[in-house]
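All residue numbers in this chain count up from 1 along the given sequence.
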Amino acid sequence: MRRALILVGLVTALHLGGRLSGMVVLADLTQMLLMPAVAAVLWWGTADAPRGRRVRLVLLALFFSWLGDTVPRFVAADPSFLVMACCFLVAQVAYSLAFWPSRRSSLLTRPLSLVPYVLVAALIIVLCAPAAGALLPLIAVYAAAIVTMAVLATGLGRRAGAGAAIFVVSDALIALEAFGVLALPAQDVWVMSTYMAAQLLLVLAVCTAARPPGDAPGCSDAPRMIRGASRGTQEGQTGERSARERWSGVRGGG
């Protein structure tokens, strides 16, 4: 599993470096390798445990995340956005189904704890609404899906809850910039580094849940790998794109 974690760190560092340096080919190629590397962590991390329904669903979520990272670059601009959004929507649904059996341990049992999640989803929708136009229903559906995933992920513990929350932040950054609300310095790097941290934390939580108590080798290496993969990055390119191009450009490789 450590080798898989090293692979994730290496591919992530190369990808972020490609974005910073404006090396489009490097950024595109490594983006297509990100989810296979995370899937390798899941596969090797559950090698000594039964790979049940949860693991299969998370592999499905990673597969559709990979499609969202890869396929849009081969499709024209407007359909590209829709393809990317639909791929990640399916990924969020797959994650939610994977976490559903642990719902009784999640924040669903504490209604007041759901308020921040609902407010975040509502805030994103409200902020994006003025510029979203016909895309507003898609934004609303996706916001509901990812917040549902984030709530259900808490049933697997703090690591999964943190990963899911970071996933919400990553997608919120995309939406807020795409619709002209907010753009951070080094925006693309923030989006991709939080995206990778989120996916890796979710996978590591699933690896831990699949093993007997007290037997989770390799998982403690994750925080160091995440820090190493995300450290010292600044964006090297700027520019304005349409909402469709911007959202699909970061995750979809446009």
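The nearest pair of heavy atoms linking Leu156 to Ser102 is CD1-OG, 3.5 Å. Counting all heavy atoms, side chain and backbone alike, Leu60 lies closest to Ala94 at CD2-CB, 4.2 Å. For Leu152 against Ser96, the heavy-atom pair with the smallest separation is CD1-O, 3.6 Å. Here the closest non-hydrogen pair linking Thr154 and Gly161 is CG2-CA, 4.1 Å. Taking both residues in full, the closest heavy atoms of Met149 and Ala164 are given as SD-CB, 3.7 Å, listed atom of the first, atom of the second, then distance. The minimum heavy-atom distance linking Pro101 with Arg54 is given by the pair CB-NH2, 4.2 Å.
Atom CH2 of residue Trp66 and atom SG of residue Cys87 lie 10.0 Å apart, to the nearest 0.5 angstrom. Separation of atoms CG (Leu138) and CG (Leu89) is listed at 7.5 Å; rounding is to 0.5 Å. Taken to the nearest 0.5 Å, the CG atom of Leu176 stands 5.0 Å off from the SG atom of Cys128. Note that the CG atom of Leu200 and the CG atom of Leu34 stand 11.0 Å from one another [nearest 0.5 Å]. One distance of note links CG of Leu108 with CZ of Arg103; it measures 8.5 Å at 0.5 Å rounding. Atom-to-atom distance recorded for Arg73:CZ and Asp28:CG is 4.0 Å, nearest 0.5 angstrom.
Two residues are said to be in side-chain contact when any heavy atoms from C-beta on lie closer than 4.5 Å; Ile124 and Asp171 fail this criterion. Side-chain atoms of Leu67 and Phe63, non-hydrogen and from C-beta on, do get closer than 4.5 Å to each other. Using a 4.5 Å heavy-atom cutoff, the side chains of Met196 and Val11 are not in contact. Side-chain contact between Tyr142 and Phe88 is present, with at least one heavy-atom pair separated by less than 4.5 Å. In this structure, the side chains of Ile146 and Phe167 come closer than 4.5 Å at one or more pairs of heavy atoms. Residues Phe99 and Leu202 meet the side-chain proximity criterion, which asks for heavy atoms closer than 4.5 Å. A 4.5 Å side-chain heavy-atom check between Met35 and Asp69 finds at least one atom pair inside the cut-off. Residues Gln187 and Leu173 have side chains in contact (heavy-atom distance under 4.5 Å, counting atoms from C-beta outward).
With hydrogens and angles disregarded, a donor-acceptor distance shorter than 3.5 Å links the side chain of Ser193 to the backbone of Trp190. A distance-only check finds no donor-acceptor pair linking the side chain of His15 to the backbone of Thr30 [under 3.5 Å]. Put simply, the side chain of Ser170 never gets that close to the backbone of Ile166: no donor and acceptor are under 3.5 Å apart.
Hydrophobic clustering of Ile, Leu, Val, Met, Phe, Trp and Tyr side chains at less than 4.5 Å, counting indirect connections, keeps Val168 apart from Val126. Both Leu123 and Leu182 are assigned to one and the same hydrophobic cluster, defined by single-linkage of ILVMFWY side chains at heavy-atom distances under 4.5 Å. Note on Ile139: it clusters hydrophobically with Val141, by side-chain heavy-atom contacts below 4.5 Å among ILVMFWY residues.
Residue pairs meeting the side-chain hydrogen bond (donor to acceptor under 3.5 Å, both in side chains) criterion with at least one member in residues 104-119, sequence neighbours excluded, do not occur.
Few gaps surround CE on Met32; more than 12 heavy atoms of other groups in view lie less than 6.0 Å from it.
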- Message: One pair to check against side chain to side chain contact (heavy atoms under 4.5 Å, CB included): Arg19 and Leu26. What are the steps and the verdict?
- Response: CA-CA 8 Å; Arg19 285 193 174 273; Leu26 176 62; over 6 Å; no
- Decide yes or no on side chain to side chain contact (heavy atoms under 4.5 Å, CB included) for Tyr95 and Val58, but give the supporting numbers first. CA-CA 6 Å; Tyr95 267 129; Val58 172; 3.8 Å; yes
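Using a 3.5 Å distance cut-off with no hydrogens or angles, the side chains of Gln199 and Ser65 do pair a donor with an acceptor.
Remark: Arg51 qualifies as a cation-pi partner of Trp43 under the 6.0 Å distance and 45° angle criteria applied to the six-membered ring.
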